[in-house]
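Read through the structure below, which is laid out as structure tokens, and then see the notes.
We use all heavy atoms of the structure for the numbers below, so side chains are in, but hydrogens, waters and symmetry mates are not. Lettering of chains follows the sequences in order, A, B, ..., and the numbering in each one begins at 1.
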Amino acid sequence: MRLYLQKNHYGDYGDGHAGGLEQDANQDQQKQWPLWEVFMRSKQGLDHKHAGSLHAADATMALENARDVYTRRNEGVSIWVVESKHIHASDPDAAAEFFEPANDKIYRHPSFYDLPDSLKHM
Amino acid sequence: MDQTANQLQDQFQQRIDLEQKIEPKDWMPEKYRQTLIRQISQHAHSEIIGMLPEGNWITRAPSLKRKAILLAKVQDEAGHGLYLYSAAETLGISRDEMYEQLHSGKAKYSSIFNYPTLSWADMGAIGWLVDGAAIMNQVPLCRTSFGPYARAMVRVCKEESFHQRQGFECLLQLSKGSEVQRQMCQDAINRWWWPSLMMFGPKDDESPNSKLSMQWKIKRFTNDELRQKFVDMIAEQIKLLNMVLPDPELTWNEQTKHYDYGAINWEEFKQVIQGNGPCNKERLEARKKAWADGAWVRDAAIAHATKQAKRKAAAQTYSAKETE
Ligand SMILES: [Fe+2]
Ligand SMILES: [Fe+2]
């Protein structure tokens with residue numbers, strides 16, 4: 001049995017707080033800048049990796065803020081920003097079932113195969 | 001219900017004991033969430049308020065080099081505040097709520113920033129002692145049990161080392177200077193030493209939240225343990241400056257292999273925490289003014305973004321019609 005007592009996470013605490021500028025465009029009381037997630041490529045050839053989040057009014061400002069907050073010492077050569085509300089995440093409480101299919105397939109790993117030591121280059 | 005809650009608590013503690021990090025979407029006891037919100041937001045507020053005493057000397061730095069260094073350091077502190085605010089936000093509190101708590105006086109920040117910066121040597125003493133004490137606290141926090149907090153602290157710690165080094169170097173230069181410069185250096189050390197020791201918080205037997213924080217591995221060392229480490233470190237480093245710490249009782253203890261030190265004035269600490277320090281009012285006023293003065297910028301940015309979004313939507317509708 002699973003019980004959700006309280007859940008809050010990235011981009012999941014209400015559009016009023018965390019984003020939704022486009023939808024809220026007509027509501028003049030929109031005050032807080034939306035939340036963005038920042039992904040950074042630390043050097044050419046590597047993946048973009050989550051660095052953190054920040055608030056900005058639009059994508060241009062989010063990129064500039066990300067540069068100022070996360071790359072003051074050349075930590076990045078490329079930045080992606082995405083509004084936090086657009087991130088969909090798997091449910092950690094259902095992680096066991098969700099990732100279960102991979103659990104019993106040990107033959108997917110090279111160490112599953114017992115081969116003679118004399119076999120070289122494999 | 002109670003039983004399920006207990007089960008969840010047990011599972012949670014097991015994960016902590018196994019050194020598994022807790023992530024924002026994971027189940028956590030409400031008290032854990034609240035403790036973290038309080039600690040992380042107070043930490044963030046300290047970084048932000050901490051810019052004020054040093055900001056005081058940016059325009060009066062003795063050389064262009066020192067000015068650039070100080071500017072970079074203060075900018076780092078702003079960055080630290082931002083890393084920490086976004087870590088706290090993953091726990092379900094909004095940025096504006098945290099600002100509101102700071103501005104209303106409900107949330108605290110480190111008591112050290114309520115002391116004035118009277119001379120240029122204070123920039124050195126702050127870097128060496130205040131950032132030094134902060135690092136002592138922050139390094140173990142890189143392994144704290146809440147993932148976003150730990151990751152934020154890794155970034156912070158990478159940057160802090162420059163803060164402490166530039167501070168010591170600043171004092172080292174003064175310590176080799178004229179008699180007036182040497183006096184200035186000693187005076188700054190005298191004024192910042194005791195407040196730096198208070199940064200580690202109340203003594204262990206008077207720190208009620210400590211036990212739970214240790215059990216949840218939010219904290220990994222007690223206040224007194226960290227304070228002792230700091231004293232041992234500084235008592236050695238000061239020899240290179242040919243200065244003295246303002247504590248006649250400071251002596252090496254051969255048995256404990258630590259430095260013994262004199263009694264801390266906890267009454268002063270209490271007064272500063274309660275708002276009666278030399279600069280409490282000034283700091284909070286400056287912060288509130290900055291927030292109020294920036295209101296039109298925040299509103300204008302929102303208005304601009306809204307207008308751009310509408311224009312873009314209109315253009316898309318128009319070009320969709322064109323191609324029909
Ligand atoms: Fe900092
Ligand atoms: Fe610092």
Practice task
Determine the interplanar angle of the B:Tyr83 and B:His80 rings, folded into 0 to 90°, and report it as parallel if under 30°, tilted if 30 to 60°, perpendicular if over 60°.
Solution key: tilted
Exercise for the section: Counting only heavy atoms closer than 4.5 Å, note whether B:Glu159 contacts chain A via side chain, backbone, both or neither. Expected result: both
Handout entry: Value rounded to 0.5 Å, distance of CD in A:Glu75 from CZ in A:Arg73
Key = 7.0 Å
Handout entry: CZ (A:Arg72) with more than 12 external heavy atoms under 6.0 Å
Key = yes
Problem - Segment of A:Ala95 engaging chain B (4.5 angstrom heavy-atom cut-off) - result: neither
Exercise for the section: Identify which part of B:Gln75 has an atom lying under 4.5 Å from any heavy atom of chain A, answering side chain, backbone, both or neither. Expected result: both
Handout entry: Interatomic distance, B:Ile16 atom CD1 to B:Lys21 atom NZ [nearest 0.5 angstrom]
Key = 9.0 Å
Exercise for the section: Decide whether a cation-pi geometry holds between B:Arg66 and B:Trp57; the criteria are a distance under 6.0 Å from NZ or CZ to the six-membered ring centre and an angle within 45° of the ring axis. Expected result: no
Practice task
Look at the rings of B:Tyr32 and B:Trp216 and say which category their plane angle falls in: under 30° parallel, 30 to 60° tilted, over 60° perpendicular.
Solution key: perpendicular
Handout entry: Residues of residues 106-113 of chain A with any heavy atom under 4.5 Å of a heavy atom in chain B
Key = none
Handout entry: Contacting moiety of B:Tyr99, where chain A heavy atoms sit under 4.5 Å
Key = neither
Problem - Polar contact flag, side-chain donor to acceptor under 3.5 angstrom, B:Gln42-B:His45 - result: no
Handout entry: Enclosure of B:Lys312 NZ (heavy-atom neighbours >12, cutoff 6.0 Å)
Key = no
Exercise for the section: Look at B:Lys307, B:Gln308, B:Arg95 and state which one has the largest set of heavy-atom pairs under 4.5 Å with chain A. Expected result: B:Arg95
